[in-house]
Trainee: 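Sending over a structure as structure tokens; questions will come in a sec.
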2 protein chains.
Amino acid sequence: MRDGGAEDRGPQGRGPSGRTGRRLGPSTTRAAISTAALHEFAASGYEGASVRSIGRLAGVDPALIAYFFGSKRGLFDEVTRLPIEAPQVVSLVLDGERAAVGRRLARVVLETLADARNRAAMLALLRSASHDRETATLIRLAVVGDVLMPITTALDVADAELRAELAMAQISGFIFARHIIEVDAMGASDLDRLTTALGGILQHCLTAPVGN
Amino acid sequence: MRDGGAEDRGPQGRGPSGRTGRRLGPSTTRAAISTAALHEFAASGYEGASVRSIGRLAGVDPALIAYFFGSKRGLFDEVTRLPIEAPQVVSLVLDGERAAVGRRLARVVLETLADARNRAAMLALLRSASHDRETATLIRLAVVGDVLMPITTALDVADAELRAELAMAQISGFIFARHIIEVDAMGASDLDRLTTALGGILQHCLTAPVGN
DNA sequence: GTCTATAAGCAGATAGAC
DNA sequence: GTCTATCTGCTTATAGAC
């Protein structure tokens with residue numbers, strides 16, 4: 001993974017054809033940059049990662065990033081796009097008994113986190129939101145607006161908006177604690193246990209009486 | 001506040017004595033830097049804030065920061081020190097009926113957040129933890145280790161460590177959602193309502209059955 | 001106590017050679 | 001498709017004038 005997903009290719013490397021110069025066939029450089037960028041953005045956030053560090057990790061000249069993706073921002077946007085359809089998540093969470101809605105939401109979150117690529121994208125977004133209002137707005141609209149608000153509205157509870165926001169707080173705090181602060185017990189717990197714990201809290205956020 | 005808390009003093013400004021050069025009496029520059037740094041670190045995190053931007057906000061030459069605080073790191077450490085005694089918080093939260101332990105913890109959090117200086121320090125720490133392992137470790141030790149773990153241990157519940165970590169997740173997520181993502185309903189809710197909502201969730205984290 | 005000047009380095013972006 | 005070289009502007013830190 002350290003070599004960025006591209007085949008080994010030093011500055012003087014030569015392809016299977018034995019010729020020097022550009023490789024025959026489709027270039028793998030774009031994918032190498034993409035993979036390296038995901039790692040760097042996930043590890044350091046948007047500002048922390050540099051075009052140069054990404055190029056280094058991908059084993060590629062930094063100038064190629066501008067060539068393929070236009071700019072650092074263009075690369076970030078492309079690489080952090082989650083393959084998640086909000087309406088699909090909403091119906092998946094709502095479909096079933098009301099008492100397990102928190103658990104189903106927790107399962108979606110943890111299953112998404114289990115995939116290395118998705119986890120990297122989510123970490124990149126979370127880390128970047130701290131410094132980048134654009135990313136913060138994206139989270140507010142995409143997570144609260146498109147997923148959680150529709151869920152709380154459909155559940156027909158009081159304070160739908162506040163509940164959706166509290167659920168978002170718990171989900172982002174969970175990822176923060178587990179993957180950024182790297183607390184011990186969360187790291188050591190298996191998926192079932194975490195699903196139960198997070199599911200219970202989310203169930204409380206979404207449906208428990210909250211007023212006063 | 002824009003002038004950093006120091007009195008107006010342009011490059012050619014002169015003090016009440018009418019003389020040019022350094023002001024008589026104790027310097028206010030150190031406090032001006034401290035105030036400006038808190039704002040900048042809270043708004044942008046450790047990496048996002050620069051010595052120059054802090055100096056500009058304080059109306060002070062950036063070189064003075066090194067003079068007074070040794071380095072950028074020294075300034076950060078001094079300015080983000082919370083005036084909070086862990087043992088005091090622990091006993092405050094534990095003192096009273098068990099059914100309201102979550103609410104008392106929520107009140108401590110929200111009262112700390114209500115003070116502008118403390119809120120800035122907490123935001124600076126939260127924003128910086130995303131990029132800075134040193135800060136992340138500090139949070140793990142100080143918040144989970146010194147405050148929340150003692151609480152869950154004293155409550156004598158199962159999974160004390162996991163509960164403490166989940167409570168930390170909720171608290172940090174709450175601050176993240178309210179002050180970084182800036183969600184609507186949380187911003188519009190009054191303190192009582194937020195105390196009740198956060199308190200209910202924390203009560204669940206700390207004492208509700210979680211096992212399976 | 002305060003400032004200017006400068007060192008040494010890294011950032012993102014781009015023009016143009018190959 | 002790839003790379004070298006460079007532009008411009010930023011960063012932290014420090015030496016020394018006043």
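Convention: sequence-line order gives letters A, B, ...; per-chain numbering from 1.
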Trainee: Which atom names give the shortest non-hydrogen contact between A:Val157 and A:Thr152, and what distance separates them?
Mentor: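 For A:Val157 and A:Thr152, the tightest heavy-atom pair comes out as CG2-O, 3.7 Å.
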Trainee: May I have the distance from B:Tyr67 (atom OH) to C:dC3 (atom P), rounded to whole angstrom?
Mentor: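 Atom OH in B:Tyr67 sits about 12 Å away from atom P in C:dC3.
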Trainee: Could you check how far CZ of B:Arg73 sits from P of D:dA13, rounded to whole Å?
Mentor: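 B:Arg73 atom CZ is separated from D:dA13 atom P by 11 Å.
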Trainee: Check the orientation of A:Tyr46 and A:Phe76. Use parallel for under 30°, tilted for 30 to 60°, and perpendicular for over 60°.
Mentor: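 If you compare the ring of A:Tyr46 with that of A:Phe76, the planes turn out perpendicular.
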Trainee: Nearest-nucleotide wise, let me know which of A:Phe68 and B:Ser53 is further upstream toward the 5' end of DNA chain D.
Mentor: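 Mapping each residue to its closest nucleotide by heavy atoms, the 5'-most match is A:Phe68.
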Trainee: When you measure from the side chain of A:Ala66, which nucleotide among C:dA13, D:dT2, C:dT14 comes out closest?
Mentor: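 The closest nucleotide is C:dT14.
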Trainee: Can you see if the side chain of A:Ser50 gets near the phosphate of C:dA11 - specifically, an N or O under 4.0 Å from OP1 or OP2?
Mentor: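 For A:Ser50, the contact criterion (side-chain N or O under 4.0 Å from OP1 or OP2 of C:dA11) is met.
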Trainee: What is the separation between atom CD1 on B:Ile65 and atom P on D:dA13, rounded to the nearest whole Å?
Mentor: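 Taking CD1 of B:Ile65 and P of D:dA13, I get 10 Å after rounding.
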Trainee: Is the count of non-hydrogen atoms from other residues, nucleotides or ligands lying under 6.0 Å from B:Arg73 atom CZ greater than 12?
Mentor: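 Correct, the count exceeds 12.
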Trainee: Quickly work out the B:Arg56 CZ to D:dC10 P distance and round it to whole Å.
Mentor: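 Whole-Å distance recorded here is 8 Å.
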Trainee: Nearest whole Å is fine: how far is D:dT11 P from B:Leu75 CG?
Mentor: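 In whole Å, D:dT11 P and B:Leu75 CG are 15 Å from each other.
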Trainee: Side chain of B:Ala63 only, please: which of D:dT4, C:dG12, D:dA15 is the nearest?
Mentor: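 Closest of the options to the side chain of B:Ala63: D:dA15.
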Trainee: Given the ring of B:Tyr67, does B:Arg30 sit roughly above its face, with NZ or CZ under 6.0 Å from the centre of the six-membered ring and within 45° of the axis?
Mentor: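 Not satisfied by the 6.0 Å and 45° rule.
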Trainee: Would you indicate which nucleotide in C:dA13, D:dC3, C:dT4 comes nearest to any side-chain atom of A:Arg52?
Mentor: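 Of all the options, the side chain of A:Arg52 is nearest to C:dA13.
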Trainee: Could you tell me how far apart B:Leu64 (CG) and C:dT2 (C1') are, to the nearest whole angstrom?
Mentor: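 B:Leu64 atom CG is separated from C:dT2 atom C1' by 6 Å.
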Trainee: It should be established whether A:Ser71 places a side-chain nitrogen or oxygen under 4.0 Å from OP1 or OP2 of nucleotide C:dG12.
Mentor: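 A:Ser71 to C:dG12 OP1/OP2: no side-chain N or O under 4.0 Å.
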Trainee: Can you tell me the distance, in whole Å, between the CG atom of A:Asp61 and the C1' atom of C:dA15?
Mentor: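 Those two atoms, CG and C1', are 13 Å apart.
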Trainee: Could you give the CZ-to-P distance, from A:Phe69 to C:dT14, as a whole number of Å?
Mentor: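 Whole-Å distance recorded here is 16 Å.
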Trainee: With a 3.5 Å distance limit and no angle check, can you tell me whether A:Lys72 reaches the backbone of A:Ile65 through a side-chain donor-acceptor pair?
Mentor: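 Not confirmed, A:Lys72 side chain does not pair with A:Ile65 backbone.
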